[in-house]
Q: 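Let me begin by handing over the structure; questions about it come next.
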Amino acid sequence: MAIDQQKLANEYIFTGRGTVAELVGEMDRIAILEKKLKTRVWLIRCLALAVFLLLAAAAIAFGKFMLILGGLAAIGLLIYSSVVGSRIIHDRVEFLRLMLNMLSQDSGKKGRFQVLLQLHSKREKVSEGPNPHGSGRLNLFRDPWLTFGGRLSDGTSISASCADLIRQRVRKNPRGKTKTKERRACLLRVQLDYNSAWYGDAAVAARSIEKPFRLPYGAEMKAFTSTAQALAMKTVVKDDPAPASLHAAGEAMMLGAYRILNLSRQRVLAGGGKK
């Protein structure tokens with residue numbers, strides 16, 4: 001299994017290709033990295049406390065300047081520890097684990113997947129301008145953090161991606177203080193490139209099912225397209241979704257897609273097609 005260790009250790013990007021079991025096993029490597037970061041954060045905060053106490057003691061002999069210096073040094077170390085501690089977003093790792101475990105039922109032991117997972121936030125500004133619904137400004141960001149793909153046991157290729165969509169409202173209160181408020185949703189895309197020799201034209205079956213997708217609360221399908229070769233779905237999960245919520249939406253998308261494919265397969269068999 002090929003894992004880019006440099007990207008994992010230095011850039012907090014997990015990339016790899018392997019079976020579901022191998023990739024899930026690599027989640028343990030990330031857990032070890034998380035533990036090391038937590039230990040580093042603890043040591044930095046202990047150092048911050050020691051520096052502040054040392055300079056506070058020195059302030060008795062040398063005046064308030066040393067106390068101020070100690071406070072600034074401690075604040076700087078605490079800010080740095082917060083940055084270090086926030087590098088890995090555990091929810092992203094957990095969601096990938098849930099999705100891989102779900103796909104293991106349909107990929108078999110030999111099915112292989114390619115994964116790229118951003119372990120920390122790397123948001124890109126999409127737009128900025130006046131808030132159309134109130135005072136202040138409205139900034140929109142996009143933070144793509146996962147892409148993966150592979151082949152299932154029935155010959156279907158799956159490709160999927162996740163991106164956080166962040167809406168940031170910035171305004172000033174009457175006292176002139178700037179306040180920032182953010183809300184996050186997640187855009188989940190899934191595409192299945194199926195074997196038309198086996199399933200026939202699934203686009204025909206898709207048109208005959210009124211509601212193939214039964215999404216959980218908080219998830220809304222934004223687009224669904226079906227062709228003679230592929231099914232593509234795009235769903236937004238709102239209100240700062242947890243890994244379990246994202247997984248439930250992804251599972252519902254897969255179940256709906258296979259409702260369509262299985263119906264299409266039944267029609268192929270009924271017409272005397274390939275068994």
Side-chain angles (χ1 to χ4, degrees), residues 20 91-92 94-108 111 113 140 142-167 183-275:
V20 168
D91 283 358
R92 297 181 176 183
E94 184 59 24
F95 171 67
L96 176 58
R97 189 193 300 271
L98 289 171
M99 287 298 290
L100 288 171
N101 284 331
M102 179 188 73
L103 292 173
S104 67
Q105 303 170 28
D106 300 307
S107 61
F113 292 87
L140 301 178
R142 187 173 180 272
D143 185 2
W145 51 271
L146 175 64
T147 59
F148 69 90
R151 188 173 294 275
L152 305 179
S153 300
D154 62 356
T156 299
S157 293
I158 179 173
S159 56
S161 66
C162 289
D164 283 348
L165 307 176
I166 302 108
R167 184 179 64 188
R183 293 190 67 179
R184 181 178 67 95
C186 186
L187 175 63
L188 178 58
R189 296 175 182 265
V190 178
Q191 178 166 317
L192 299 178
D193 296 297
Y194 60 88
N195 182 357
S196 56
W198 181 260
Y199 286 109
D201 186 352
V204 177
R207 289 193 292 269
S208 67
I209 302 178
E210 185 177 355
K211 293 183 179 180
F213 302 100
R214 299 168 184 171
L215 297 176
Y217 176 79
E220 180 182 354
M221 183 161 286
K222 293 296 185 179
F224 168 64
T225 58
S226 57
T227 69
Q229 292 83 31
L231 301 176
M233 299 143 280
K234 182 169 69 171
T235 295
V236 171
V237 187
K238 302 176 181 179
D239 299 326
D240 294 322
S245 300
L246 285 177
H247 174 251
E251 187 175 44
M253 292 164 73
M254 290 292 292
L255 288 173
Y258 267 93
R259 283 185 68 198
I260 295 169
L261 290 176
N262 289 335
L263 175 59
S264 187
R265 174 61 181 163
Q266 290 172 13
R267 292 181 172 182
V268 170
L269 294 174
K274 184 178 179 180
K275 295 183 179 181

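The chain is numbered in sequence order, starting from 1.
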Q: Taking the side chain as every heavy atom from C-beta outward, state whether Leu187 and Lys234 have any atom pair closer than 4.5 Å.
A: yes
Q: Kindly compute the distance separating CD (Gln191) from OG (Ser159), expressed to the nearest 0.5 Å.
A: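 Answer for the CD-OG pair, Gln191 versus Ser159, is 4.5 Å.
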Q: So, do Met221 and Met253 sit near enough that their side-chain heavy atoms are less than 4.5 Å apart?
A: yes
Q: I need the minimum non-hydrogen distance between Ala205 and Arg267, along with the two atoms involved.
A: CA-NH1, 3.8 Å
Q: Nearest 0.5 Å please: distance from the CG atom of Leu98 over to the CG atom of Leu103.
A: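 Between Leu98 CG and Leu103 CG, I get 11.0 Å after rounding to 0.5 Å.
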Q: Quick one: OG1 on Thr225 to CG on Leu231, what's the gap to the nearest 0.5 Å?
A: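 The CG atom of Leu231 is 8.0 Å from OG1 of Thr225, to the nearest 0.5 Å.
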Q: Using 4.0 Å as the upper bound for N to carboxylate O, is an ion pair formed by Asp154 and Arg265?
A: no
Q: Any heavy-atom pair between the side chains of Ser226 and Ile260 that's under 4.5 Å?
A: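 SC-SC contact between Ile260 and Ser226 ruled out.
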Q: So do the side chains of Met233 and Pro212 get within less than 4.5 Å of each other, counting heavy atoms only?
A: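 They are not in side-chain contact.
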Q: So which atom in Pro216 and which in Ala252 form the shortest heavy-atom distance, rounded to 0.1 Å?
A: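 Residues Pro216 and Ala252, closest heavy atoms: CD-CB, 4.0 Å.
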Q: Indicate the atoms forming the closest heavy-atom contact of Ala230 with Asp193, along with that distance.
A: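 Here Ala230 and Asp193 meet closest at CB-OD1, 3.3 Å.
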Q: Tyr194 and Ala203: which non-hydrogen atoms are nearest, and at how many Å?
A: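 For Tyr194 and Ala203, the tightest heavy-atom pair comes out as OH-N, 4.0 Å.
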Q: Asp164 and salt bridge (charged side-chain N to carboxylate O under 4.0 Å, His left out): which partner among Arg184, Lys238, Arg142?
A: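 Single salt bridge (charged side-chain N to carboxylate O under 4.0 Å, His left out) partner of Asp164 among Arg184, Lys238, Arg142: Arg184.
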Q: Roughly how far, to the nearest 0.5 Å, is CG of Leu152 from CG of Asn195?
A: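 The CG atom of Leu152 is 12.0 Å from CG of Asn195, to the nearest 0.5 Å.
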Q: Are any of the side-chain heavy atoms of Leu146 and Met99 separated by less than 4.5 Å?
A: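 A side-chain contact is absent here, since even the closest heavy-atom pair is not under 4.5 Å.
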Q: Would a 4.5 Å heavy-atom cut-off, applied to side chains only, mark Met254 and Val190 as touching?
A: yes
Q: Calculate, to the nearest 0.5 Å, the distance between atoms CD and OG belonging to Gln229 and Ser157 respectively.
A: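 Between atom CD of Gln229 and atom OG of Ser157 there are 12.5 Å.
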Q: Taking all non-hydrogen atoms of both residues, which atom of Leu192 and which atom of Ala257 are closest, and how far apart?
A: CD1-CB, 3.5 Å
Q: OG of Ser264 to CH2 of Trp198: how many Å apart, nearest 0.5 Å?
A: 12.0 Å
Q: Between Asp106 and Tyr258, do the side chains contain a donor N or O and an acceptor N or O under 3.5 Å apart?
A: no
Q: Can you check whether Phe224 reaches Thr235 side chain to side chain, under 4.5 Å on heavy atoms?
A: no
Q: Run the numbers on Thr156 and Tyr199 for side-chain contact (heavy atoms from CB on, under 4.5 Å), then give the verdict.
A: CA-CA 10 Å; Thr156 299; Tyr199 286 109; 4.0 Å; yes
Q: Do you know which two heavy atoms are closest between Val236 and Ala185, and how far apart they sit?
A: CG1-CB, 4.0 Å
